[in-house]
Number of protein chains: 4
Amino acid sequence: MQTQDPAKRRLILASAARLFAEQPFHDVTLEQVATAARVGKGTLYVYFASKDQLYTAAVAEGLSDLAGTIDERLRVTPADAPVRLSAIVEELLGFSRRYPHLFALMRSGHPIAGSGELDAARRRVASRIEVVLRDGVERGQIDDPRPDLTAQFALAMVRASLLYGPVDAPHADLAAQILRVLLRGVAAAPN
Amino acid sequence: MQTQDPAKRRLILASAARLFAEQPFHDVTLEQVATAARVGKGTLYVYFASKDQLYTAAVAEGLSDLAGTIDERLRVTPADAPVRLSAIVEELLGFSRRYPHLFALMRSGHPIAGSGELDAARRRVASRIEVVLRDGVERGQIDDPRPDLTAQFALAMVRASLLYGPVDAPHADLAAQILRVLLRGVAAAPN
Amino acid sequence: MQTQDPAKRRLILASAARLFAEQPFHDVTLEQVATAARVGKGTLYVYFASKDQLYTAAVAEGLSDLAGTIDERLRVTPADAPVRLSAIVEELLGFSRRYPHLFALMRSGHPIAGSGELDAARRRVASRIEVVLRDGVERGQIDDPRPDLTAQFALAMVRASLLYGPVDAPHADLAAQILRVLLRGVAAAPN
Amino acid sequence: MQTQDPAKRRLILASAARLFAEQPFHDVTLEQVATAARVGKGTLYVYFASKDQLYTAAVAEGLSDLAGTIDERLRVTPADAPVRLSAIVEELLGFSRRYPHLFALMRSGHPIAGSGELDAARRRVASRIEVVLRDGVERGQIDDPRPDLTAQFALAMVRASLLYGPVDAPHADLAAQILRVLLRGVAAAPN
DNA sequence: TATGAATGAGTATTCATTCAT
DNA sequence: GATGAATGAATACTCATTCAT
């Protein structure tokens, strides 16, 4: 063995992300992470310098992934603001289905040294939404004086619907209600 | 049991609420709480059975307070849905100014034991909003098929604007944007 | 229990001193110290902030004791340099009998943060010897241009005779040989 | 086994000796040793079976060297006891200048396993001194009933003068004082 | 032979909880 | 009731050693 194994790194990261999403930071032990990833405890330290760093990497990786997914989706979506917002909300909910725990992680609140990194990753996701809103304003489809806040609202609504909505609600229903409020909330006057 | 001092209880609760809001659950030590409340560590156990229970009590108490505050405000507010929603959002933001930490405390991811109590307290606040929305529907002012979700959205938007909005944004601006999106989002068709 | 118990502190210190003398710093576990002192592991931290601090305190305490013992002995010893030197060597060897491990500790080499404190304690012992030598020079009994070095030699000879001398040699024999070399080595010319 | 490179072995040994002299046994990591010797961590195990063995080999090697150096010097030194003792002390101090860490390494308190080998190496050095003393006794130049102890004293004095003497004292001054005390201490009566 | 990734046993330290005073 | 000394379970992290390449 000469070189660090990127597959093993991803495995550890994925195991950690799942556990961190299921339980608060301090309740996740590195023993658990190591067991979940089927590696020795010491191996974690070959790839990550500390528990904090592992946590940060797990969340940042997830958010980065999310931003990439949204970008790809937007690339194949027509330049219509409501359509694009729908696409984003769909992606957010779809992401939460693929990574059931990561979305809860987005803000479960372990303030950390490298928090800047996380904030940046989060902002990168939010900025996708904000850009779509601003485009819509220019195109006359959106009437919103504060797209920066609205972008945060969109994320917050997705999160709230997942955390506090009825447990068994289909994502389609959640998406419909989020988009209903959001799109009517920022729609430009009909004429 | 006989002579338990309610003032001391409140003092402990207030100190705990502040600390729990500033740091994650596991980073708050009972030593800190005791010091902040100027009591001995053992005294905490005279009033609360465990750290978990103290945490739960602190958050539940805060949310209960909030629900009471909203109730009082609604009592003196006319039966007009948009006006009542505005009043609630104002109260939420005002409350967050008086108890700067409570909304941060609403983050998820903590002692799952007793979680029921917390969820209930949160639902009690949300239900105030939901009731106002349903009233509005009946009065023909609101068009919203899922007031339960919308109520959660309202809370989430307040929270997001506080946590992720510009640090120095005046509450009035935040309130305006929240209400703008929210009210237009659920407004009944003009005629 | 309101106040820290000085007897318990001494008990911990004594247990620690013995263990640290028997084994190198890193081979002594706090588990062992706690068990030896018949206290819980956490109790160690009530009295000492860290393992390093416990180590430093143990050695410093021992050296302090030694300096005190020497002072007392000198107080009842006539102002004759050879006699006083004999008394000191006797005390050093006697001390090593009472605290069989502490003497080895005097220099088993764990360079530590509070090392200054230890060096100071060591110097305090050495200075007793140096003072006696200087007095002897003034009285014309001693001829020694470097009492500072000779004081260190005296300590070193005691230590070497204990560590590297025949295991079963009686202290009296060791004392005799140390004093023989030392006293002749610094004696003023006969006339 | 076939191609073991003696130069690499020496390099490892030298790096280890330096590190062990600078820090206590447990604070030296094999990672450090490997880095210092510019070899892989695994390579250390090609040449030495364990950390303990590496330590033992490093010290023993050093002491062996020292014994050899003394032997060579004595071979060219006249058969006069004081002269030969002077030569030995000079060699000891000179050796400590070339291998500044070796004498610090002579501190006690390390892997008791293999301790026999180290004690033997130390005794081999001491025996050189002892032999010179016994020769002197036979020649009527030395009066010393315990040359075994005195030999240990000589080593101890060198060590103490290096470790606890003034930091900037020239070796010549240290040698002078050591010899002064030592030679007068064991000198036969003038006539 | 040389390497360094992988491993897991070992340990200092923290902290919720208990209980004697 | 109030206190804080006492406790030991729990956990992040280190590092000597192994072994596949």
Side-chain angles (χ1 to χ4, degrees), chain A residues 1-5 8-9 12 26-35 37-54, chain B residues 1-5 8 25-35 38-55, chain C residues 1-5 8-9 26-35 37-54, chain D residues 1-5 8 25-35 38-54:
Chain A
M1 275 125 195
Q2 208 86 349
T3 206
Q4 288 196 6
D5 182 347
K8 189 164 289 188
R9 195 190 135 92
I12 292 172
H26 270 98
D27 289 350
V28 176
T29 71
L30 292 185
E31 185 84 45
Q32 287 176 61
V33 176
T35 301
R38 294 170 192 263
V39 298
K41 226 183 323 172
T43 306
L44 302 180
Y45 285 86
V46 173
Y47 292 88
F48 301 94
S50 68
K51 187 183 178 184
D52 271 18
Q53 208 160 108
L54 175 57
Chain B
M1 269 297 180
Q2 200 95 343
T3 327
Q4 273 208 8
D5 181 349
K8 192 168 284 188
F25 182 77
H26 270 99
D27 289 350
V28 176
T29 69
L30 292 187
E31 184 85 43
Q32 287 176 62
V33 176
T35 301
R38 294 171 191 264
V39 299
K41 228 187 320 174
T43 305
L44 302 180
Y45 284 84
V46 172
Y47 292 89
F48 302 94
S50 70
K51 187 184 180 186
D52 273 18
Q53 205 159 111
L54 175 57
Y55 174 85
Chain C
M1 273 124 194
Q2 209 85 348
T3 205
Q4 288 196 6
D5 181 348
K8 189 164 289 189
R9 194 190 137 91
H26 271 98
D27 289 350
V28 176
T29 71
L30 292 186
E31 185 85 44
Q32 288 176 62
V33 176
T35 300
R38 294 170 192 263
V39 298
K41 228 184 320 174
T43 305
L44 302 179
Y45 285 85
V46 173
Y47 292 89
F48 302 94
S50 69
K51 187 182 179 185
D52 272 17
Q53 206 159 111
L54 175 57
Chain D
M1 267 297 182
Q2 199 95 344
T3 327
Q4 274 207 5
D5 181 347
K8 191 167 286 190
F25 182 77
H26 269 98
D27 289 350
V28 176
T29 69
L30 293 187
E31 184 84 44
Q32 286 177 64
V33 176
T35 300
R38 294 170 192 263
V39 299
K41 227 186 322 177
T43 307
L44 302 180
Y45 284 84
V46 173
Y47 293 89
F48 301 94
S50 71
K51 187 184 179 185
D52 273 17
Q53 205 158 112
L54 175 57

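Since the structure is predicted, the reported quantities are computational estimates derived from the model, not experimental observations. Numbers restart at 1 for each chain; the letters A, B, ... are given by sequence-line order, proteins then strands.
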query = Over how many whole Å does the gap from A:Leu30 atom CG to E:dT7 atom P extend?
reply = 15 Å
inquiry  = Counting Watson-Crick and G-U wobble pairs with both distances under 3.5 Å, what is the dot-bracket string for DNA chain F, 5' to 3', using [ ] for crossing pairs and | for pairs to another strand?
reply    = .||||||||||||||||||||
request  = Report which part of the nucleic acid D:Tyr47 touches: base, sugar-phosphate, or nothing (heavy-atom distance under 4.0 Å, all strands).
outcome  = sugar-phosphate
query = Nearest-Å distance, NZ (A:Lys8) to P (E:dG4)?
reply = 17 Å
key: Distance, rounded to the nearest Å, where D:Phe48 contributes CZ and F:dA16 contributes C1'   = 16 Å
request  = May I ask you to evaluate whether A:Lys41 reaches the phosphate of E:dA6, defined as a side-chain N or O under 4.0 Å from OP1 or OP2?
outcome  = no
query = What residues form a side chain to side chain contact (heavy atoms under 4.5 Å, CB included) with A:Tyr47, not counting sequence neighbours?
reply = A:Gln4, A:Asp5, A:Lys8, A:Arg9, A:Ile12, A:Thr43
ask   = Rounding to a whole Å, what distance do you find between C:Leu54:CG and E:dT11:C1'?
value = 15 Å
message = From CD of A:Gln4 over to C1' of E:dG4, roughly how many Å is that when rounded to an integer?
response = 10 Å
inquiry  = Taking side chain to side chain contact (heavy atoms under 4.5 Å, CB included) as the definition, give me every residue that meets it alongside C:Val28, ordered by chain and number, with sequence neighbours left out.
reply    = C:Leu19, C:Phe20, C:Gln23, C:Val33
ask   = Between E:dA6 atom P and A:Arg38 atom CZ, what is the distance in whole Å?
value = 17 Å
query = Could you give the CG-to-P distance, from A:Leu44 to F:dA12, as a whole number of Å?
reply = 10 Å
inquiry  = If you only use heavy atoms from C-beta on, which nucleotide in E:dT18, F:dG1, F:dA6 is closest to the side chain of B:Val46?
reply    = F:dG1
note = The residue, B:Tyr45 or A:Gly42, whose nearest nucleotide of DNA chain E is more 5′ is A:Gly42
request  = Begin with the C-alpha distance, continue with both residues' side-chain angles, and end with the deciding distance and a verdict on side-chain contact (heavy atoms from CB on, under 4.5 Å) for A:Gln32 and A:Thr35.
outcome  = CA-CA 5 Å; A:Gln32 287 176 61; A:Thr35 301; 5.8 Å; no
note = Residues B:Val39 and B:Leu44: closest non-hydrogen pair is CG2-CD2, 4.0 Å
message = Nearest 0.5 Å, please: how far is OG in B:Ser50 from CD in B:Gln53?
response = 5.0 Å
remark   = Residues at least two apart in sequence or cross-chain that pass salt bridge (Lys or Arg N to Asp or Glu O under 4.0 Å) with A:Lys41, listed by chain then number, are A:Glu31
Selected nucleotide, minimal atom distance to C:Thr29 side chain, candidates E:dA12, F:dT7, E:dA2 = E:dA12
inquiry  = Counting only side-chain heavy atoms from C-beta out, which of E:dG4, F:dT7, E:dT7 sits nearest to A:Thr43?
reply    = E:dT7
ask   = Can you check the A:Asp27 CG to F:dA9 P distance for me, whole Å?
value = 19 Å
inquiry  = Taking side-chain hydrogen bond (donor to acceptor under 3.5 Å, both in side chains) as the definition, give me every residue that meets it alongside A:Asp27, ordered by chain and number, with sequence neighbours left out.
reply    = B:His26
message = Under 4.0 Å, heavy atoms only, any strand: does A:Val28 hit a base, just the sugar-phosphate, or nothing?
response = sugar-phosphate
